[in-house]
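The basis for the numbers below is simple: all heavy atoms, side chains too, and nothing from hydrogens, waters or symmetry mates. Every chain is numbered from 1, with letters handed out A, B, ... down the list of sequences.
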Amino acid sequence: MLQNIDMSLVDWSRGQFALTAMYHWLFVPLTLGLSFIVAIMESIYVRTGDPEWKKITKFWMTIFGINFAIGVATGIILEFEFGTNWSKYSWFVGDIFGAPLAIEGIMAFFMESTFIAIMFFGWNKVSRKFHLASTWLTAIGANLSALWILVANAWMQNPVGMHFNPDTARNEMSSFWEVLFSMSAVNKFLHTISAAYILAAIVVVGISAWYLLRNRHIVFAKRSIVVASVFGLIGILNTIGTGDNSAREIAKEQPMKFAAMEALYDGKTHAGLVAAGALKGENKESEIRQRDFIFKLEIPSALSYIVHLSPEGFVPGINDLIYGNTRRGILSFEEKADRGLVAINALRDLKKAKDNDPEKYAELRAQFENPEWVNTYFKYFGYGYFKAHEPAKIIPNVAISFYSFHTMVGLGFFFVLLMFFSLIWSINNKITQRRWFLYVLVWSIPLAYFAHEAGWVLAEMGRQPWIIQDILPTMAAVTNLTSATVQVTFWLFTIVFTALLIAELKIIFKQINLGPKDGGQ
Amino acid sequence: MSWIRKVFLFYYDGFCNMTVGKSLWVIILIKLFILFVILRLFFFPDVLKKNFDNDAARSEYVIDELTNPK
């Protein structure tokens, strides 16, 4: 069914979306985390009245403002792309995507734009407490904006709270609360924002460490490190907790992604968690192009424990998900493809019958309203596109999934140590004596961004070939444009975003070099 | 009226006294121009809105595409 799709167009469209999403995500996490760090610093200033804290607050507020200004509206491009490059997808998702994005737009406009103005223009013009409230509301508004887009993303990973209307080919929201509070949405939101808090904390401690290395703004730097380290430590512990929940949710709703993350081909009980490892190239003779390990360090039974909270739990591997496992109640790829094809054909027949065969139309329409039929056939709608294709088509890129997952987790644990020691050594006033550690803090800034991008690569590439899990493959969702058109916009975006990034870095570096100004006014 | 005046002066003074903010506003305005005027108008039409007059025609097209991908 996919023979006629232009793969070059699909690849360029995906590449373009990935480029814009990843560039956008360079700006967002710092906004989310730094807004709260600034609010905490200002709270200390309001409580103590110490002008040094005002100086600290104003400096980080300036960094926040630069990042916010450069990053604002870069996410709009993603919405342009939905309408142009992914029009079939946009139509298919209906109001499920529209409602959260509309709320996000309203939130962003009313909360952020109102209170951010008071944050920057309101010093000495409004009362201290009102100014502080505005700073907190800006932080809350920014984080709530992120909630809605992350809910929309989580729905793509685990489509719930919806009902497919075969007359319009649109999904209609049947329960807003189910969409908002699905475990996928809750975990995605909490995991993503707490990861953003770590990134912001690392940016603050990294820049402060740079000042300490140059023996400048010592009090400012030490105080900033303490606040950011506490904030970062809370953030990283929360990230680990929500990451653990996310893993369990992925194992349940996206088992193929979970198996690819661990390069687990044969399911088992007492499955070990690969702490570190390296993969061999693809075995071309294997139908699913299996990759084995060159080496791996494994924690025995840990994977079973993460998924089932018991070492006895069975974790399905890629082979189980392709060939099925009747003992464990896992359907094969072939079975799912057959069921999906029934749903696709039903949709086609319903459209044909609509105008000339009312009886047939009523019969087919009733199927789409029947929860049992929906659960047996429509649930696998997307698999129908892969009928008569090699099973490898439904396996995400195992190497990318494995390395992005292990990079993210490995760096996460490194950040625990980083935040812990920066807090301890700041409190006992030994941080300036450990210059090597200050260098580590400075060079951890790019690592924090790298960990974030690895997380998104895992989330988005790990769920391939689906744009909506099990229901719509990415290949079927792309608009029929020429790949040359998409290439033009891809390069245009590359130029625009790179220019923005250079502008941000130039302005931020200039501000860092200038350092904090006296804040006692 | 005085309340509106106060709000206006709040923003007016704020914008007038900006330092780093002035360059940021230039960047924001250039960015918004590129996004909404150049990219949106010339490169990113809403394909379904542009090619079809009503939702029924859009639905028909999407169903055809989903059930017979070209």
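Here the side chain of T84(A) pairs a donor or acceptor atom with the backbone of P45(B) at under 3.5 angstrom. Formation of a donor-acceptor pair under 3.5 Å by the K31(B) side chain with backbone atoms of A69(A) is found in this model. A donor-acceptor pair is defined here as one N or O able to donate and one able to accept, closer than 3.5 Å; such a pair exists between the side chain of Y385(A) and the backbone of L66(B).
You'll find the side chain of L24(B) reaches within 4.5 Å of the side chain of I66(A), heavy atoms only.
Summarising the geometry, atom CD belonging to E65(B) is positioned 8.0 Å from atom OG belonging to S87(A); distances are rounded to the nearest 0.5 Å.
For residues 54-62 of chain B, a heavy-atom distance under 4.5 Å to chain A picks out D55(B), R58(B), S59(B), E60(B), Y61(B), V62(B), given by residue number.
Annotation: side chain to side chain donor-acceptor pair (under 3.5 Å) contacts involving residues 497-507 of chain A, sequence neighbours excluded, comprise Y23(A)-T498(A).
When G83(A), A169(A), G65(A) are compared by the number of non-hydrogen pairs under 4.5 Å with chain B, G83(A) comes out ahead. Across I63(B), D46(B), I28(B), I38(B), the residue that shares the most heavy-atom pairs under 4.5 angstrom with chain A is I63(B).
Contacts between L347(A) and chain B at a heavy-atom distance below 4.5 Å involve backbone atoms as well as side-chain atoms. For a residue to count as touching a neighbouring chain, one of its non-hydrogen atoms must lie under 4.5 Å from one of that chain's; by this rule L492(A) touches chain B with the side chain only. With a 4.5 angstrom heavy-atom cutoff, L472(A) touches chain B only via side-chain atoms. Proximity to chain B (any heavy atom under 4.5 Å) is restricted, for N85(A), to the side chain, taken from C-beta onward. Contact of T479(A) with chain B is made through the side chain alone, with heavy-atom distances under 4.5 Å. For I118(A), the parts lying near chain B are the backbone and the side chain together; criterion is any non-hydrogen pair under 4.5 Å. Only the side chain of I27(B) comes within contact range of chain A, with heavy atoms under 4.5 Å apart. In this structure, chain B has no heavy atom under 4.5 Å from any part of F120(A). Only the side chain of F493(A) comes within contact range of chain B, judged by heavy atoms closer than 4.5 Å.
Atom CG of N356(A) has more than 12 neighbouring heavy atoms from other residues, nucleotides or ligands inside a 6.0 Å radius. Around the NZ atom of K125(A), the shell of radius 6.0 Å holds more than 12 heavy atoms that belong to other residues, nucleotides or ligands.
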